[in-house]
Every structure is written in C-alpha cells, then in structure tokens.
**Student:** 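This is the structure I want to talk about, given as structure tokens.
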Amino acid sequence: MTSVPQLGTVRNYDRPAVAETIPCGVIAVAEDTIMAGRVITIERAAPRDGIIEEPEWSAKGYCLGDPKFAEKHHAKNAIFVKTLDEAADLVSKGFSLRMVSPGKRASLVSPKSLRIVRN
C-alpha cells in the first residue's frame, strides 16, 4: 500500500502560485490558488455617499484594526500588512480595514461591510 502525499499550505505572495514539493516530501499548494485567485481589491459593500472607497495605503502598508481590542481605531492597536492578499486574509478573520476616498477622511470599516474582489 503506497502512502498518499499530504496537502499543506505555502504562503508566498511574491511568486506565482504553484504546487511544489518541500523537503519532507509533503506536496504543498499555494492557498490562494485553491481559494478563488489573487485579491484584486477590497471595497466597501455600501460606500459612503456612493463614492468608491479603497484600502488606505501608507508607508507602513495597509492598516487594519485587530478585533481583540475594543479600541480598534487607536494607533497603538493598528496592524500593518504590505499586500492586499494579507489584508484580505485578516479581514476574513474579523479584522477591520482602514478605507479612504477622495474628499473623505479615512475610516476603519468592519469586515461585514467589506467585499473582497478576486480574479
């Protein structure tokens, strides 16, 4: 009886998603390949005043609020990530995302009010 390789997860967003064999002989497939593709954008499901909003980008990256803190909007509780894929992963785990639109102040938007758009 031959053993079937186990499937695992490899997260490397800097290169195309491919199946690869890692040293212990386990076959791994990039998680975003199995899901529904790469994240194109994250948008507010119902934008304020009908104006399109997008994730706010700063020198530190995309800003998210950790759900374990009651005061998610405080700078000391902010979490920063460099890619939309990472931001989408955290939004799907309950993190809020700071969104901005022209002429509006940035606001921390709850995950239930966000839509992740994948290709």
**Student:** Compare every heavy atom of Cys63 with every heavy atom of Ala78, then report the nearest pair and how far apart it is.
**Tutor:**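 So the two residues come closest at CB-SG, 3.9 Å.
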**Student:** Could you grab the distance from atom CZ of Arg105 to atom CE of Met99, nearest 0.5 Å is fine?
**Tutor:**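 Reported value, rounded in 0.5 Å steps: 16.0 Å.
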**Student:** Taking side chain to side chain donor-acceptor pair (under 3.5 Å) as the cut-off, I'd like each qualifying pair that reaches into residues 54-64, sequence neighbours left out, listed once.
**Tutor:**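 Of all non-adjacent pairs touching residues 54-64, none passes side chain to side chain donor-acceptor pair (under 3.5 Å).
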**Student:** For Lys82 versus Ala59, what's the shortest heavy-atom pair and its separation?
**Tutor:**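 What the structure gives for the nearest pair is NZ-O, 3.2 Å.
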**Student:** Spell out, as yes or no, whether a donor-acceptor pair under 3.5 Å connects the side chain of Arg118 to the backbone of Gly37.
**Tutor:**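 Yes.
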**Student:** Got more than 12 heavy atoms from elsewhere within 6.0 Å of CD1, Ile52?
**Tutor:**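 For Ile52, atom CD1 is not crowded (no more than 12 foreign heavy atoms under 6.0 Å).
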**Student:** If I compare all heavy atoms of Ser110 with all of Ser96, which pair ends up nearest, and what's the gap?
**Tutor:**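 Residues Ser110 and Ser96, closest heavy atoms: CA-OG, 3.7 Å.
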**Student:** Please determine whether side-chain contact (heavy atoms from CB on, under 4.5 Å) holds for the pair Val117 and Ile42, giving the CA-CA distance in whole Å, both sets of side-chain angles, and the decisive distance to 0.1 Å.
**Tutor:** CA-CA 6 Å; Val117 180; Ile42 301 172; over 6 Å; no
**Student:** Does one hydrophobic cluster hold both Ile79 and Leu114, with members joined at side-chain heavy-atom distances below 4.5 Å?
**Tutor:**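 Shared cluster, yes.
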**Student:** Under the criterion side chain to side chain contact (heavy atoms under 4.5 Å, CB included), which of Ile116, Val91, Asn119 is the partner of Val39?
**Tutor:**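 Per the side chain to side chain contact (heavy atoms under 4.5 Å, CB included) rule, the option paired with Val39 is Ile116, out of Ile116, Val91, Asn119.
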**Student:** Listed by chain and number, what are the side chain to side chain contact (heavy atoms under 4.5 Å, CB included) partners of Ser107, not counting sequence neighbours?
**Tutor:**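 Testing Ser107 for side chain to side chain contact (heavy atoms under 4.5 Å, CB included), a comparison that skips the adjacent residues, returns Arg44, Arg48, Glu53, Val109.
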**Student:** The criterion is side chain to side chain contact (heavy atoms under 4.5 Å, CB included); which residues satisfy it with Ile51, sequence neighbours excluded?
**Tutor:**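 Ile51: side chain to side chain contact (heavy atoms under 4.5 Å, CB included) contacts with Asp49, Ser101, Pro102, Lys104.
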**Student:** From Leu90 CG over to Phe95 CZ, what is the distance, rounded to the nearest 0.5 angstrom?
**Tutor:**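 Between Leu90 CG and Phe95 CZ, I get 5.0 Å after rounding to 0.5 Å.
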